[in-house]
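Nothing fancy with the numbering, it's 1 onward along the sequence.
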Amino acid sequence: MRDTVRRYGRGLAWPAAAMALALIVAGCGRSVNGVDQAGKTQLAPDLYGCPDLSGTYAFPPPGAKGVSYRGSMLEEFPIEWGNRVPASQIRGLTIRRVEPGAYEFRFMVEDTRVVQHLALIREFYKPRYRELYHLLQAPQRDAFIAREGEAAHAKRVAELGPPAEIVRTLRAGTDMICRDGWIELPRAYTKPIRLTLGEDRSILGESREISTVGITVWCGDGCKDLPIPTGTYTGTLRWPRDDAQRPWRVQDLAARSLLERPIDEIEAEVARREAEQARSDADRFLAADDIRGRLEGLAPAGTVVETVEVRGGEVHVRYTAPTADVDTLLNRVAGVGGNGAATGPQRVQRIVTSGRFHVRSVEFVLTDSPMVLRSEATASMGNASGEDPASGMAVLSAAPSAAVAGSAPANAPGPATTANAAGSQLPPAGYADPLAIQRRVGRLFPAGCRVVDVRYGGERVTLTGQAETHRCVSDGMRALDAAQSRPELLSIVRESNDSHRFEILIVPSALTAK
């Protein structure tokens, strides 16, 4: 039944006179004695005249022309967190006469609603769910029962689990009225709902209902359906006897099979694994900033290293480059690893961004490249330049290699010859002296970088310097590249928070000529 007292739109209310008339009309009708529904012996009225309705019953929702439950205790049932369970989600109830003039109604919530509530407890009330979960597992369950007893265990499980029963205690004179073999449940706006026992021991009920017709009216902010009363009818209900009805219990085998592991335990386990992986990654790989500096040292002009992430036993790299140079960095990185498939870029993805067809993004993964490994980088430094491996100096040899699958041939520099740490400081034929070369190349580096040493070795010159950031090293290498020196970054190692040591190889050019 639609509410007979509603407010519609702006200032339009149900007329008081019409409401009064509806209630007067609803009160008309002949009262039927509950004893007529079932014998007085079967009803077994107590000293308050209340029939004995004890039993378990199905609770079907009211049908057409049936009792609406509106304005009564049967309409909806408050539960925890301020939620309410509507009558349509109640599937059964048990009634027990606890003493003369007093009943206990236990309404059973639909199983699907209970399971949904359990999922909410698991997600938002994690300590509560964790305790419930373990009280239902053998070790803690057995220990709790041995300590507190089975009744205490069942009580605690019911407290922790989702509410599967909603209990209401009704007393004659306050919550209900017993009259003529009926119990009457009060309603807000019309005659009470009356319940009694049928001959088949099912619950029978009736109430006076108001029939309405809906009229659509415009209320300024949209259309509203305005119910207009057209008369009254006697609504009826029947709650069939059903002794098989029982509430959902989380401790039942079928219910326990729905239990998932507590979320906070899963989260803690994931966090432990991630922490262990992070420690392993830190032991295996260089810091992300150091790897970024090495990549930027190999990147040609116009290529930007956007992200470097060390995670999950891998180094994930993303960079953008002009279409013409999209594979240059890939091939230079592959050359560092000595052309091995495991040491080069893996899972390479080239991405065209809408509206930026002249620029492409590239993503790849490194796992065993000397570019990223601590131990191999240190060993390479010792082997290539004669430095002590314990010093932590890392060598990068960007020698040309086979192009990465699917890429264009790399415009990589020629074979690298590393300067010997004990190499001669006397300039070979055709080369300028070390101080002249130092002054020339020093002017190409931005503020924050300075060249402190120049050495000769083979056909190349090794520049050693100090830098405040990786960026100034990258900018300096781009300037050297523009001067036709084909620079190769041998190493860049952090010595303190604001100081890095770098070594760069350059080929003969105007910068080194006598």
- prompt: Side chains of E209 and S207: donor-acceptor distance under 3.5 Å anywhere?
  reply: yes

Ring centre gap for W81 and Y125 strictly below 6.0 Å: yes

message: Does this structure show an ion pair linking R374 with D283, if we count only N-O contacts that are shorter than 4.0 Å?
response: no

message: Between K126 and E267, does any side-chain N to carboxylate O distance fall below 4.0 Å?
response: yes

- prompt: Quick one: do the Q346 and T367 side chains pair a donor with an acceptor below 3.5 Å?
  reply: yes

task: Show your reasoning for whether side chain to side chain contact (heavy atoms under 4.5 Å, CB included) applies to T94 and R246.
output: CA-CA 9 Å; T94 296; R246 57 175 300 179; over 6 Å; no

task: Would you mind checking if E123 and R128 are paired as a salt bridge, meaning a charged N to carboxylate O distance below 4.0 Å?
output: no

- request: Using a strict 4.0 Å threshold on nitrogen-to-oxygen distance, state whether R360 and D327 make a salt bridge.
  value: no

Within-4.5 Å side-chain heavy-atom neighbours: E274 and V270: yes

task: Before accepting this row, confirm whether a basic side-chain N of the pair D281/R284 lies closer than 4.0 Å to the acidic partner's carboxylate O.
output: no

field: side-chain contact (heavy atoms from CB on, under 4.5 Å) partners for P240, two or more places apart
entry: A58, P60, S202, R238

message: Could you tell me if H153 and Q140 have a donor-acceptor pair between their side chains, going purely by distance under 3.5 Å?
response: no

field: Heavy-atom side-chain proximity of V317 to L295 below 4.5 angstrom
entry: yes

query: With a 4.0 Å cut-off, would you call R194 and D180 a salt bridge?
result: no

- prompt: Would you call D290-R292 a salt bridge at under 4.0 Å N-O?
  reply: no

query: To the nearest 0.5 Å, how far apart are CZ in F144 and CG in D142?
result: 12.5 Å

message: Between R97 and E99 (salt bridge meaning N to carboxylate O under 4.0 Å), is one present in this structure?
response: no

query: W248 and H117: aromatic ring centres closer than 6.0 Å?
result: no

task: Using a strict 4.0 Å threshold on nitrogen-to-oxygen distance, state whether R272 and E276 make a salt bridge.
output: no

- prompt: Do the rings of W239 and F59 sit parallel, tilted or perpendicular, given the 30° and 60° boundaries?
  reply: tilted

query: Would you call the rings of F77 and F107 parallel, tilted or perpendicular, where under 30° means parallel and over 60° means perpendicular?
result: tilted

